[in-house]
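The structure appears right after this line, and notes come after that.
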Amino acid sequence: MALTGIKGFNDILPGEVRKWQHVEATARRVFEIYGFAEIRVPVLEKTELFARSIGDATDIVEKEMYSFTDKGGNAITLRPEGTAGVIRSFIEHKLHVADSVAKLYYLGPMFRYERPQKGRYRQFHQIGVEVAGVSDPKVDAQVLTMLCHFFAELGLTEPRLQINSLGCHDCRPDYRRKLQDFLRERLDALCDDCKRRYETNPLRALDCKSTGCKEATVGAPSVLDNLCAGCDDHFTRTRNYLDSAGTAYEINPRMVRGLDYYTRTTFELVTERLGSQSAVAAGGRYDRLIEELGGPDYPGIGFALGVERVVLLLDDEGYGNRPDLFIAFHGEPAGNEAFRLMSRLQRSGVSVEIDYEGKSLKSQMRRADKFKARYTLIIGEDELTRGAAAIKDMDRGIQGEVALDPERIAAVLRSGIEPTAGEGGQP
RNA sequence: GUGGCUGUGGUGAAGCGGUUAACACAAACGACUGUGACUCGUUCAUCCGUGGGUUCGAAUCCCAUCAGCCACCCCA
């Protein structure tokens, strides 16, 4: 048996890569409109970084990280998400000194040891953004607007934006206690997972899919009714700015997060089209994280989107690239001329395909058709002696003649064929 | 990590104990007498994810293993 790849680690083959490039290029283009700059950080970080940022009681840190000891005895981990590394870099290089606002984006592979499914792999890719240094809700609304803008640019209008506020370190503990009080009498109705999490993370019950938990949490106190004055004001203003920007959203007071660092605004972009992998992008505010990791007392907000999931939402159409010209030839001398022309034309920016083996003319024409070449140049022996060859517009099926000269050929490719009398293609 | 389903050529698939392992698409070549898309012809799985077992005989039954999918879990 031949060697195979690792489970959950996928090859992205040439046909698919075009979609990826489109997604990445769109992200870069849109994000730069909003003033974001790319940052590239390593794939490996010290294990401690993730334990401290994501939270060591979370599932990600507890059982999904690719952690190991390197030859120097250091505990290191393949990044399971992007925020921690970006923030670490922000702090380490004191980026806040150069500018009190940092607007960064990144893209690349992330790693989590999960059971693979469609839209969920062990090596997966995220495009993410982080803003450090602004607590004003304008930036919350701007980040969300940019995220929706990005999806709109891809022609994806179906994912819906859901927002919520998780409160801050002042009001969340109170809410949590309140919710625990509410759940205490209904503990029996909860699923085993939520029973287990009752102490550690009772909020999860709000988001649980089991019918028992759904019923038990009907009438549960809502986070949004229990925000402190500051958080409540922040959420209201965020919504006002979203309205002002024309960004559509819905409020989902049951949305919770799996990473511990989130505060205040949280959000998800959800789709119906990916089965249980419904979140295609998600993020939120993390006002304490930077300080907790040893940086300045800076607020932050960011999101990450799953590239695999976005690619899955894209249609297959329209990702082919058509060569400008296919050169068909007959005989060795014509082959040499074809090669010479191809080289010159390619150097001047024209994309040219050729049949390297010089098969039959029919075979070469078929290949030109398969490549969807716009034009085909046909060089035979008499064309060679005449110094001019037939050039065919493959879409229109008409044929003309052109001198065997790179510049004349390029000119025809630009302005089209003028059919020569007497000769010419049949439809 | 838990539960369920699936695994036949590049793709979609038929076959369900004894067949030359159908068929369609794709692909390669050829015919239509130097030029693609239509039509026609030829070729294309010594082999049925892998390893073992049962049997006179297995792609078809059993076991294991690997992989994929779906749901849970979690999350982007």
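Residue numbers begin at 1 in each chain, while the letters A, B, ... track the order of the sequences.
Here the nucleotide nearest the side chain of A/Ala279, chosen from B/A27, B/A76, B/C29, is B/A76. Closest to the side chain of A/Ser363, from the set B/G30, B/C75, B/U35, is B/G30. Of the candidate nucleotides B/A76, B/U35, B/C29, B/A76 has the atom nearest to the side chain of A/Glu308. The nucleotide whose nearest atom lies closest to any side-chain atom of A/Tyr121 is, among B/G34, B/G36, B/C69, B/C69. Closest approach to the A/Gln117 side chain among B/C29, B/A27, B/A71 is made by B/A71 (side chain taken as heavy atoms from C-beta onward). Side chain of A/Ala282, nearest nucleotide from B/G30, B/U35, B/A76: B/A76. For A/Arg309, whose side chain is taken as the heavy atoms from C-beta onward, the closest listed nucleotide among B/G34, B/C75, B/G30 is B/C75. When each of B/G34, B/A28, B/G36 is scored by its nearest atom to the side-chain atoms of A/Ile378, the top-ranked nucleotide is B/G34.
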Evaluate A/Phe326 against A/Tyr375 for ring pair (Phe, Tyr, Trp, His ring centres under 6.0 Å), listing each step before the verdict. CA-CA 6 Å; A/Phe326 188 95; A/Tyr375 290 91; over 10 Å; no
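Among the atoms of the strands shown, none is found under 4.0 Å from any heavy atom of A/Lys63. Counting non-hydrogen atoms under 4.0 angstrom, A/Asp382 reaches a base of the nucleic acid. Counting non-hydrogen atoms under 4.0 angstrom, A/Arg257 reaches the backbone sugars and phosphates but no base. At a threshold of 4.0 angstrom between heavy atoms, the contacts of A/Ser360 are confined to the sugar-phosphate backbone, with no base atom among them.
Distance alone, capped at 3.5 Å, is enough to place a donor-acceptor pair between the A/Arg112 side chain and the A/Pro80 backbone.
Listed by first residue number, the stems of RNA chain B with at least three Watson-Crick or G-U pairs below 3.5 Å are B:1-7 with B:66-72, B:10-12 with B:23-25, B:27-31 with B:39-43, B:49-53 with B:61-65.
For the residue pair A/Asp140 and A/His234, a side-chain donor N or O sits within less than 3.5 Å of a side-chain acceptor on the partner.
Atom P of B/G49 sits at a distance of 15 Å from the matching atom of B/A13, rounded to the whole Å. Using atom P as the reference point in both B/C63 and B/A21, the two lie 27 Å apart (nearest Å). Across B/C66 and B/A28, the matching C1' atoms stand 33 Å from one another, rounded to whole Å. Taking the C1' atoms as reference points, B/U65 lies 29 Å from B/C56, given to the whole Å.
Remark: A/Arg186 qualifies as a cation-pi partner of A/Phe182 under the 6.0 Å distance and 45° angle criteria applied to the six-membered ring.
Between A/Phe31 and A/Tyr105, the distance from one ring center to the other falls under 6.0 angstrom.
With hydrogens and angles ignored, no donor-acceptor pair under 3.5 angstrom links the side chain of A/Glu62 to the base of B/G1.
Scanning for ring pair (Phe, Tyr, Trp, His ring centres under 6.0 Å) contacts around A/Tyr286 gives A/Tyr261, with sequence neighbours left out.
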Distances for protein N or O near nucleotides 3-7 of chain B N or O, under 3.5 Å:
from, atom 1, to, atom 2, distance (Å)
B/G3, O6, A/Arg115, NH2, 3.2

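Residue A/Arg40 places its CZ atom among 12 or fewer non-hydrogen atoms of other residues, nucleotides or ligands, all under 6.0 Å distant.
Computed from coordinates, the A/Lys7 NZ to B/A67 P distance equals 4 Å when rounded to whole Å.
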